[in-house]
Amino acid sequence: DLASAWMAMLEDTFQPIHAEARPMDEAPEAADLRKEGEQLVLQGFADIPAMRLSFAGRGRRLFNRRDVALACELASLVETTIANRAAYERGAEEERQRIARDLHDEVGATLLSGLHAATPERRHECIVDALSDVRQIASGLAGRDITLAGLIAQMRHESRTRIEAHGCGLSWPLDAGADESEIVLPYQVHRNFHAIHREAISNALAHGSSGTIQVCSRLHGDRLLHEVANPCASDLETGRDAGPATLRRMGSSNMRARASQIEGDLAAERHDDRYILRLCFKVTKEVV
């Protein structure tokens with residue numbers, strides 16, 4: 001079909017008396033004239049064979065250098081279009097594979113955790129997380145835009161529901177930059193950002209002390225700084241020596257891998273009686 005469309009365009013443009021495909025060993029490296037302008041030969045590219053056109057304008061004129069230049073320009077445009085289309089299809093396939101992995105690896109794992117949960121509360125939490133994942137993945141499949149403001153609002157609501165169900169409080173103040181941002185986040189960015197935040201909340205609930213979990217999201221230029229801080233037992237209470245904080249063992253490798261996928265910086269700090277997780281990454285500026 002591609003070769004037929006190329007042939008039709010050449011016939012419409014140059015109106016040759018005769019046009020035929022040529023073997024690859026006879027193909028020129030670029031469009032050129034033959035037999036003092038009686039013929040115009042064109043190189044092959046992609047799945048399009050080399051061509052030879054004879055007598056332009058239905059035999060009323062010879063081919064000239066302007067025809068050569070035009071043929072080269074047409075070939076370049078078509079070749080670029082084919083390459084762009086192939087790149088788009090590769091990107092679309094990679095996105096479908098990534099979404100399929102998310103469905104299989106994450107939604108499946110969350111549902112499996114809920115199936116084997118020790119308490120009804122944990123089972124309910126796993127189901128809520130799985131439903132949230134499915135909504136996010138479905139949005140990616142449908143190509144719906146997710147803005148930074150919309151994602152933060154969704155995460156704030158989900159976090160408050162989870163945290164209050166555990167008898168704790170949430171403090172997540174508004175930020176004029178982040179909470180009003182119309183920046184559109186690519187699927188890979190909003191998916192990994194959301195997953196890192198969720199893991200941080202899970203760790204805070206599992207390993208922190210009772211009290212208020214503090215979250216803040218601040219937009220600085222094209223970078224978002226996201227912090228999750230939770231109260232924890234002091235060193236005097238636990239008998240541990242104070243030292244530099246590291247990411248908690250539970251989910252740490254997964255969070256680091258996700259931060260790497262969005263080219264973000266992930267760090268932890270233990271300050272007095274608080275454990276603080278910081279994520280900083282670049283967001284793509286696209287106005288909806």
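Because the structure is predicted, anything quoted here is derived from the model rather than measured. In this chain, numbering begins with 1 at the start of the sequence shown.
For the pair Gln43 (side chain) and Ala31 (backbone), a donor-acceptor distance under 3.5 Å is present. Remark: the backbone N or O of Asn64 is paired with a side-chain donor or acceptor of Asp67 at under 3.5 angstrom. Between the side chain of Gln188 and the main chain of Gln261, a donor-acceptor pair closer than 3.5 Å is present. Side-chain N or O atoms of Thr80 include one that pairs as donor or acceptor with a backbone N or O of Ser76 at under 3.5 Å. Ser260 contributes no side-chain N or O that, together with a main-chain N or O of Arg256, makes up a donor-acceptor pair within less than 3.5 Å.
Side-chain contact between Ile213 and Leu205 is present, with at least one heavy-atom pair separated by less than 4.5 Å. Two residues are said to be in side-chain contact when any heavy atoms from C-beta on lie closer than 4.5 Å; Leu266 and Arg258 fail this criterion. With a 4.5 Å cut-off on side-chain heavy atoms, Arg123 and Pro120 count as touching.
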Test Arg85 against Glu89 for salt bridge (Lys or Arg N to Asp or Glu O under 4.0 Å), laying out the working first. CA-CA 6 Å; Arg85 178 65 183 179; Glu89 291 177 350; 3.0 Å; yes
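Between Met51 and Ala21, the closest heavy-atom pair is SD-CA, 4.0 Å. Between Cys232 and Tyr275, the closest heavy-atom pair is SG-N, 3.9 Å.
Using a 4.0 Å cut-off between charged nitrogen and carboxylate oxygen, Arg65 and Asp32 count as a salt-bridge pair. Salt bridge status for Glu269 with Arg278: present, with a side-chain N to carboxylate O gap under 4.0 Å. Between Glu38 and Arg34, no side-chain nitrogen of the basic residue sits less than 4.0 Å from a carboxylate oxygen of the acidic one, so the salt-bridge criterion is not met.
Dense packing is recorded around CD of Glu93, with more than 12 heavy atoms of other residues, nucleotides or ligands lying under 6.0 Å away.
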